[in-house]
Each structure stands twice: as structure tokens, then as C-alpha cells.
Amino acid sequence: GTARATQSSVYDFHSDPINAVDGNTDSNFLKSSCTATQNDLNPWWRADLHRSQEINSIRITNRGDCCPQRLNGAEIRIGDSLDNNGNNNPLCATIKSIGAGEDEMFECSGMHGRYVNVIIPGRRDYLTLCEVEIYATERGQVDD
């Protein structure tokens, strides 16, 4: 199902938080399929999966037309808490760098959560995500 999404702020009409989960991996920001926050301290984006699920992996597509380095050092956090907007949940991975317009898969196998956050900790920056694909198994699901 479709995740709800929110973020610390919205840069402009191109940059709605839902753009990261719209199924469109176009990495050109001006095509209105990426998110962007304002130049926030500790900018963050959060998906709400509606219920706690087992998260297997997360694929993130970086912006292609500019500034791919902004995502360097961003953290992927997964859990059921909304403390600090969900940014205190357990860490799955830290993004070292993803090339312009490239995507990278992060393994989070065994982690459970309702919320998936991406946060750039400790600095003021714009957080832009062109797609966040969350591969999850619903908790308690029995495979046929």
C-alpha cells in the first residue's frame, strides 16, 4: 500500500514529501518527483507504513541534476516511536554517498517499524530524495 509521508519543511511546489514514494524514480528535481526540505538544521523525511512491518531493505534514489553530495551522511532510521519526529528510532544505515541520479540499496533485515526516517544529522542542509523504495514484510504474515 501507499505510505504517508511528511518532512521537516517543504522547499517549494516541486518538493512535496509524497514525491519520494510516488513510484517515479526520475532524478531531475524540476520534474516534480523529488522531495526537498528548506535549509533546515537536521532536516528529515518520514514515511508512515500505517503498521509495524519487517523492513528487509530500502533503496534510495539521489537527485541527478544537482548537488548529490547533500545526501552524504544522512541516516536511515526505522522504528515505532515518534519521539523527535521518529528520528530517535534505531539506525539501519548511514549514507556515505550516492552518485547523481544513482540509487543504492541498504539492507535493514530484521528491523521492524511503522516509520522509516531519513535525517541529515548535525548540520543545516537541504534534504532531497527522489525515491525511497521500502521493501517490507508485514509482521505475522505467513508465506504460502
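The model shown is predicted, which means the values in this text are computed figures rather than measured ones.
Tracing side-chain contacts under 4.5 Å through hydrophobic residues (I, L, V, M, F, W, Y), one reaches I98 starting from I76; they form part of the same cluster. Residues M111 and I95 are members of one and the same hydrophobic cluster, defined by side-chain heavy-atom contacts under 4.5 angstrom among Ile, Leu, Val, Met, Phe, Trp and Tyr. Follow the hydrophobic side-chain contacts under 4.5 Å out from I58 and you reach I18 in the same cluster. Hydrophobic clustering (ILVMFWY, side-chain heavy atoms < 4.5 Å, transitive): V21 and Y115 are in distinct clusters. Linking Ile, Leu, Val, Met, Phe, Trp and Tyr residues whenever their side-chain heavy atoms come within less than 4.5 Å leaves I60 and I119 in two separate clusters.
Between A93 and F106, the shortest heavy-atom distance links the atoms CB-CD2, 3.7 Å. A pairwise comparison of heavy atoms in E131 and N24 identifies OE1-O, 2.7 Å as the closest pair. The shortest heavy-atom contact between V118 and A74 is CG1-CB, 4.0 Å. When all heavy atoms of V116 and I55 are compared, the closest pair comes out as CG2-CD1, 4.2 Å. Residues G101 and T61 share a closest heavy-atom pair of O-CG2, 4.4 Å. Across every non-hydrogen atom of R46 and N117, the tightest pair is CG-OD1, 3.0 Å.
The CZ atom of R63 sits 16.0 Å away from the CD atom of E102 when rounded to the nearest 0.5 Å. We find the OG-NE2 distance between S52 and H112 to be 6.5 Å, quoted to the nearest 0.5 Å. In this structure, Q53 CD and Y135 OH are separated by 14.0 Å, a value rounded to the nearest 0.5 Å.
With sequence neighbours excluded, the residues that form a side chain to side chain donor-acceptor pair (under 3.5 Å) with S9 are D40.
Without hydrogens or angle criteria, N89 side chain to R77 main chain gives no donor-acceptor distance under 3.5 Å. Remark: side-chain polar atoms of E54 are not paired, donor with acceptor, to backbone N or O of S109 under 3.5 angstrom. Put simply, the side chain of Q7 gets close to the backbone of A36: a donor and an acceptor are under 3.5 Å apart. A donor-acceptor pair under 3.5 Å is formed between the side chain of D48 and the backbone N or O of H50. Between the side chain of W45 and the backbone N or O of A5 there is no donor-acceptor pair closer than 3.5 Å. For N19 (side chain) and C34 (main-chain N/O), a donor-acceptor pair under 3.5 Å exists by modelled atom type. Remark: the backbone N or O of P68 is paired with a side-chain donor or acceptor of N62 at under 3.5 angstrom. Judged by distance alone, the side chain of Q38 and the main-chain N or O of V10 form a donor-acceptor pair under 3.5 Å. Judged purely by atom type and a 3.5 angstrom limit, S8 uses its side chain to pair as donor or acceptor with the backbone of W44.
A donor atom on one side chain and an acceptor atom on the other are found under 3.5 Å apart for D22 and S33. Between the side chains of T137 and N56, at least one donor-acceptor pair of N or O atoms lies under 3.5 Å.
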*Audit row: L49, I134, side-chain contact (heavy atoms from CB on, under 4.5 Å) steps and yes/no*: CA-CA 9 Å; L49 306 179; I134 301 164; 3.9 Å; yes
Could you pull out all donor-acceptor pairs under 3.5 Å where a side-chain atom in residues 120-130 meets a protein atom, sequence neighbours excluded?
from : atom 1 : to   : atom 2 : distance (Å)
R123 : NE     : D125 : OD2    : 3.0
R123 : NH1    : N72  : O      : 2.9
R123 : NH2    : R70  : O      : 2.7
R123 : NH2    : N72  : O      : 3.1
R123 : NH2    : D125 : OD2    : 3.1
R124 : NH1    : N39  : O      : 3.2
T128 : OG1    : T35  : O      : 3.4

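Pairs engaging residues 14-40 under the ring-ring contact (aromatic ring centres under 6.0 Å, His included) rule: H14-F29 [sequence neighbours left out].
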